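Because the structure is predicted, anything quoted here is derived from the model rather than measured. Just so you know, residue 1 is the first one in the sequence shown, and it goes up from there.
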Amino acid sequence: MYYNSLIEAIGNTPLVKLNRLAEGIKGTVLVKVEYFNPGNSMKDRMALKMIEDAEKAGILKPGGTIIEGTSGNTGMGLALVAIAKGYKCIFTLADKQSQEKIDILRAMGAEVIVCPTNVSPEDPRSYYSVAKKLNKDIPNSFYPNQYDNISNAAAHYETTGPEIWDQTEGKITHYAAGVGTGGSMCGTAKYLKEQNPNVVSVGIDSYGSVFKKYKETGVFDENEIYPYMTEGIGEDILPKNVDFSLIDSFVKVTDKDAAIMTRRLAREEGLFVGWSCGSAVHGALEYAKENLKEDDMMVIILPDHGTRYLAKVYNDNWMKDHGFLEARDFATAKDIITNKNGSDKLLTVGKSDKIGQVIKMLNTEGIDQVPVVENNHFVGSISTAKLLEKLIEDPEIREKEVGEVMDNPMPFVAMDNTLDVLSSMINKDNKAVLVRDQAHDVHIITQHDLLMAMSN
């Protein structure tokens, strides 16, 4: 037996039992190892489905160009399909994606355009917007749009779900997966719940993403959005493939916990997997510790392979630089906030406030910087150093509104970020960082706070 092309080898990936990592957890914990797909990720499934559905609909014609915004793995799947079917590829990626992913896509003959991460989805520089514009400008091109293309979830409804049901002989009770575009989570969950409505689906989210709070409150809170490093999980948008009615609960996982679990999967289970796999397993095991019973069976999706992350989570120096693999004990943002004992009530100014008022407040309170808010959103910042420069240039700015002279908003950081990471983020451009605690209160960490923590 042989395949006519590599894309015929997509699917039918194995289920493997977790042993060491699941010690002490009731029930059985299995992982579906998607790096056995030819493109080394589960995205091969929906890449093939999206292209074949576009062909059937007459949207994609011979000799056409596939243009997609991707975190890397979807691009790889699309590139494999394109090679088999004779299409060209252009991919846009956010600059937080690993260099390995970029190099692999270029090796597969694709053109790769790297875009900034820390811009809104609507910004013309975002990888979403750049892909859409290219699709509009290039004749005979197809923009799959994995986020809103229903073929994404359909691929997993037709393949991943049935495979898991058959492989577990219908004994699965819990299904867990990271939620990014939503296709693998919701397509698979839909099939499994149709077979047994009692199957519980657990979505894994990242700190800095909007999914968990939206599921629990129905509110799209932009204050939940801040930069994070884990690739391929969480979003700052609500993709159409994310059907929240199919996700019973969410668990959030930090970059650090995800990175450490990724390395543990390799060392303790022999599973050389990607960063979001660590997120999925860490979050699923946290859920399982409290909720699984003896006869339960949980299946966790492991989306991709570790080769995409050799320069990041599998690199000791990179891990140490980011405070994930500590050569010594570091205090965290949480420690700094706790040590303030509630003395750090956050002061803010409005975008329409006058600069003269702000100067008076800074002097009265004895602070050097303050966030700018508008409609409860953090939209900018003001610092005494920048104000002084602008006052020297134009003394009349006292009568101007804050919005006319403010700087970029202070970045949000996760509670578990360590001192070395925080210090690298506080510089001449960012005078302070913001932290949101579990009660959703916002705190500020300044250079002075770092110095105090380092001297203790």
Side-chain angles (χ1 to χ4, degrees), residues 94-96 115-127 129 207-208 210 221-229 236 333 336-337 340 344-415 417 419-437 440-453:
D95 56 15
K96 76 173 183 178
C115 307
T117 297
N118 297 330
V119 295
S120 70
E122 297 78 21
D123 190 296
R125 297 168 295 167
S126 76
Y127 75 100
S129 298
Y207 284 92
V210 298
D221 187 356
E222 292 183 359
N223 291 323
E224 289 286 299
I225 300 170
Y226 55 84
Y228 58 95
M229 290 180 285
D236 53 2
I336 293 173
I337 292 166
K340 289 185 177 184
D344 66 332
K345 179 175 173 55
L346 183 67
L347 299 173
T348 63
V349 297
K351 189 176 178 182
S352 59
D353 290 348
K354 298 294 185 183
I355 290 296
Q357 295 174 290
V358 175
I359 293 172
K360 184 176 180 181
M361 189 199 82
L362 291 172
N363 288 333
T364 301
E365 298 294 337
I367 56 177
D368 295 324
Q369 58 278 310
V370 63
V372 180
V373 297
E374 183 181 42
N375 298 324
N376 295 319
H377 297 310
F378 291 85
V379 296
S381 63
I382 291 286
S383 70
T384 53
K386 290 289 181 70
L387 271 182
L388 182 59
E389 289 178 14
K390 290 171 182 175
L391 277 168
I392 292 172
E393 294 172 5
D394 178 16
E396 301 302 317
I397 68 164
R398 294 172 184 272
E399 299 304 316
K400 291 184 178 180
E401 293 186 353
V402 167
E404 298 180 62
V405 298
M406 68 184 185
D407 294 314
N408 292 329
M410 299 169 184
F412 273 86
V413 298
M415 289 281 279
N417 276 352
L419 278 177
D420 53 338
V421 177
L422 296 174
S423 63
S424 71
M425 296 183 70
I426 295 180
N427 49 44
K428 63 182 180 65
D429 297 315
N430 293 319
K431 298 297 183 182
V433 295
L434 301 175
V435 186
R436 192 183 302 278
D437 64 24
H440 298 291
D441 293 327
V442 177
H443 307 262
I444 188 169
I445 295 177
T446 66
Q447 288 177 317
H448 176 72
D449 295 325
L450 292 183
L451 286 171
M452 290 291 291

Worksheet item: Is the backbone of T117 close enough, under 3.5 Å, to the side chain of D95 for a donor and an acceptor to pair up by distance?
Response: yes
Discussion item. Quick check for you: to the nearest 0.5 Å, what is the distance between I367 atom CD1 and I444 atom CD1?
Written reply: 7.5 Å
Worksheet item: When rounded to the nearest 0.5 angstrom, what distance separates CG in L346 from CG in D441?
Response: 9.5 Å
Discussion item. When you compare the side chain of I225 with that of V210, does any pair of heavy atoms fall below 4.5 Å?
Written reply: yes
Worksheet item: How would you list, by chain and number, every residue that makes a salt bridge (charged side-chain N to carboxylate O under 4.0 Å, His left out) with K400, sequence neighbours excluded?
Response: D394
Scan the side chains in residues 368-381 for donor-acceptor partners under 3.5 Å anywhere in the protein, sequence neighbours excluded, and list what turns up.
residue: S381; atom: OG; partner: N408; partner atom: O; Å: 2.6

Item to complete: Assess whether side-chain contact (heavy atoms from CB on, under 4.5 Å) is satisfied between V442 and F412, documenting all intermediate values.
Response: CA-CA 9 Å; V442 177; F412 273 86; 4.0 Å; yes
Fill in: Within-4.5 Å side-chain heavy-atom neighbours: L362 and V358
yes
Discussion item. Testing the 3.5 Å rule here: is there a donor-acceptor pair between the side chains of T446 and D449?
Written reply: yes
Discussion item. For a 4.5 angstrom cut-off between non-hydrogen side-chain atoms, does V405 reach I382?
Written reply: yes
Worksheet item: Ignoring hydrogens and geometry, is there a side-chain-to-backbone donor-acceptor pair from S129 to S126 under 3.5 Å?
Response: no
Worksheet item: Below 4.5 Å, heavy atoms only, C-beta onward: do R436 and E224 meet side chain to side chain?
Response: yes
Worksheet item: Is V413 close to L434 at the side-chain level, that is, under 4.5 Å between some pair of heavy atoms?
Response: no
Worksheet item: Can you tell me if CZ on R398 sees more than 12 non-hydrogen neighbours from other groups inside 6.0 Å?
Response: no
Practice prompt. Compare every heavy atom of A432 with every heavy atom of P411, then report the nearest pair and how far apart it is.
Written response: CD-O, 3.8 Å
Worksheet item: So, the side chain of D353 versus the backbone of G350: is there a donor-acceptor pair under 3.5 Å, distance only?
Response: yes
Worksheet item: Side chains of I359 and L391: closer than 4.5 Å at any heavy-atom pair?
Response: yes
Worksheet item: To the nearest 0.5 Å, what is the distance between CD1 (I355) and CE (M406)?
Response: 10.0 Å
Practice prompt. Calculate, to the nearest 0.5 Å, the distance between atoms CD and OG belonging to E389 and S383 respectively.
Written response: 8.0 Å
Fill in: Taking every non-hydrogen atom, the tightest pair across E401 and K351
CB-O, 3.9 Å
Worksheet item: Taking 4.0 angstrom as the limit, do K390 and D407 come out as a salt bridge?
Response: yes
